[in-house]
Amino acid sequence: MPSTQFQVRYPDSPLGAEISGLDLSKDVDAATFREIEKVFHERSVIWFRDQKLTPEQHVKFSRHFGDVEVPTNRQYSLASCPEVYVVSNIVENGRNIGNADAGRVWHTDSSYMQVPSRGSLLYAIEVPQDDQGGPLGDTCFASMTAAYDDLPDDVKKRAEGLRGVHNYTQQYERRLAKIKAQGGVREELTTDLKAKVPDVVHPVIRTHPVTGRKCVYVSVSFVIKVLGIDEEEGLKLRDYLIEHSTQPRYVYRHQWRAGDLLMWDNCATQHLAINDYALPQRRLMYRTTVKGTAV
Ligand code: OGA
Ligand code: MN
């Protein structure tokens with residue numbers, strides 16, 4: 001008999017599930033984990049409310065899903081726990097303590113790696129609020145499987161077999177230029193780091209490694225070219241696929257509460273951070289990413 005004791009609630013969206021009744025600071029047994037993983041594969045985004053996790057407990061729970069990555073760029077990793085990446089608008093001693101503008105364009109994490117991440121686990125520590133105490137800084141998730149299923153047959157046919165070039169440095173440098181223009185500070189990309197992230201090629205339509213479902217796998221953030229067709233046509237196809245896939249009917253919008261641990265599937269979804277807050281409204285999130293399998 002599995003010892004699973006959690007409840008699941010579904011939002012009115014093609015993805016997402018809230019799991020309650022679990023304290024993730026404690027060990028999760030294998031049977032319970034299998035049930036959690038099943039919900040994760042069915043719904044692509046899962047979250048647990050009211051958690052109280054140390055960085056080490058966050059990493060430990062993440063490890064159930066696979067190896068936990070140390071970010072390519074470590075400038076925003078926790079010194080005491082480099083697997084934990086800080087997403088935050090908080091400034092201390094004139095420096096951002098975390099990445100202040102993570103995810104402002106639809107994307108999926110580390111698609112620019114040869115072996116992209118399986119999933120990311122974002123833990124909310126401080127959530128910005130409006131004057132009425134309502135949450136700001138939501139994150140939107142779009143289902144790349146539901147979006148794929150609804151594509152017109154001729155587009156499916158055209159996209160099948162095409163491959164996209166994913167590039168890390170161009171979007172980094174675009175953001176760097178923007179930050180500098182606003183008087184902010186961010187590290188330059190070192191030659192060392194650039195060498196770690198050469199362009200990689202992934203299918204435009206990716207098959208999910210576990211569920212076998214087809215997923216749209218291109219983003220404006222990282223895909224700079226589609227191979228095998230005319231360059232302009234390729235970018236048009238990329239933009240069409242993204243516009244189609246991020247329509248409200250494929251989206252779940254998460255309103256954060258401090259204590260949420262939320263995990264998304266980096267193959268089956270894309271995500272977008274809503275930029276509707278500013279200091280003194282503070283946002284502090286910790287993220288881990290779990291290594292995936294070769295595409
Ligand atoms: C990320 C990301 C979105 C957010 O951490 O990968 O895109 O809402 N974050 O913080
Ligand atoms: Mn992201």
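Whatever order the structure lists them in is the order used to number ligands and atoms, beginning at 1. Keep in mind the model is a prediction, meaning the values are calculated, not measured.
Looking at Lys26 and Asp23, a side-chain N of the basic residue comes within less than 4.0 Å of a carboxylate O on the acidic one, giving a salt bridge. Using a cutoff of 4.0 Å between basic side-chain nitrogens and carboxylate oxygens, Lys60 and Asp27 are scored as salt-bridged. Salt bridge present: Asp50 and Arg257 bring a charged side-chain N and a carboxylate O closer than 4.0 Å.
Although no hydrogens or angles enter the test, the distance criterion places no donor-acceptor pair under 3.5 Å between the side chain of Arg282 and the main chain of Glu126. Judged by distance alone, with hydrogens and angles left aside, the side-chain atoms of Tyr123 form a donor-acceptor pair with the main-chain N or O of Gln51 at under 3.5 Å.
Within ligand 1, the atoms closer than 4.0 Å to a non-hydrogen atom of Asp109 are 6 (O), numbered from 1 in the order shown. In the vicinity of His271, heavy-atom distances shorter than 4.0 Å reach the ligand 1 atoms 1 (C), 2 (C), 6 (O), 7 (O). Close approach of ligand 1 to Val87 is summarised as follows: ligand atoms under 4.0 Å from at least one heavy atom of the residue are 5 (O), 10 (O). Which parts of ligand 1 touch Gly103 is read off a 4.0 Å heavy-atom cut-off, strictly below it: atoms 7 (O). Listed by number with element, the atoms of ligand 1 under 4.0 angstrom from any heavy atom of Thr139 are 4 (C), 8 (O). Applying the 4.0 Å criterion to heavy atoms of His107 picks out, from ligand 1, the atoms 7 (O).
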Worksheet item: Hey, mind stepping through Trp47 and Phe141 against ring pair (Phe, Tyr, Trp, His ring centres under 6.0 Å) and telling me if it holds?
Response: CA-CA 12 Å; Trp47 59 94; Phe141 298 90; 8.3 Å; no
Worksheet item: Run the ring pair (Phe, Tyr, Trp, His ring centres under 6.0 Å) check on His107 and Tyr112 step by step: do they pass?
Response: CA-CA 11 Å; His107 69 288; Tyr112 50 82; 9.5 Å; no
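For the pair Asp138 and ligand 1, the shortest N or O to N or O distance does not fall below 3.5 Å. Backbone and side-chain nitrogen or oxygen atoms of Arg283 are examined, and one is located within less than 3.5 angstrom of a nitrogen or oxygen of ligand 1.
With a heavy-atom cut-off of 4.0 Å, Arg104 does not touch ligand 1 at all. Contacts with ligand 1 closer than 4.0 Å are made by no heavy atom of Phe141, backbone or side chain.
Protein heavy atom at the shortest distance from atom 1 (C) of ligand 1 is Arg287 NH1, 3.3 Å. Nearest non-hydrogen protein atom to atom 3 (C) of ligand 1 is Ala273 CB, 3.7 Å.
Nearest to atom 9 (N) of ligand 1 by heavy-atom distance, out of Ala102, Ser120, Ser221, Gly137, is Ala102.
Using a 30° and 60° split on the angle between ring planes, Trp256 and His254 fall in the perpendicular class, above 60°.
Exactly one of Arg238, Gln170, Gln171 qualifies for a side chain to side chain contact (heavy atoms under 4.5 Å, CB included) with Ile224. That residue is Gln170.
Not a single heavy atom of Tyr286 sits closer than 4.0 Å to an atom of ligand 1. In this structure, Met285 does not count as a contact residue of ligand 1, since none of its heavy atoms falls inside 4.0 Å of the ligand.
The number of heavy atoms from other shown groups lying within 6.0 Å of CD (Glu231) does not exceed 12.
If you look at Asp109 and ask which of its N, O or S atoms sits nearest the Mn ion (ligand 2), the answer is OD1.
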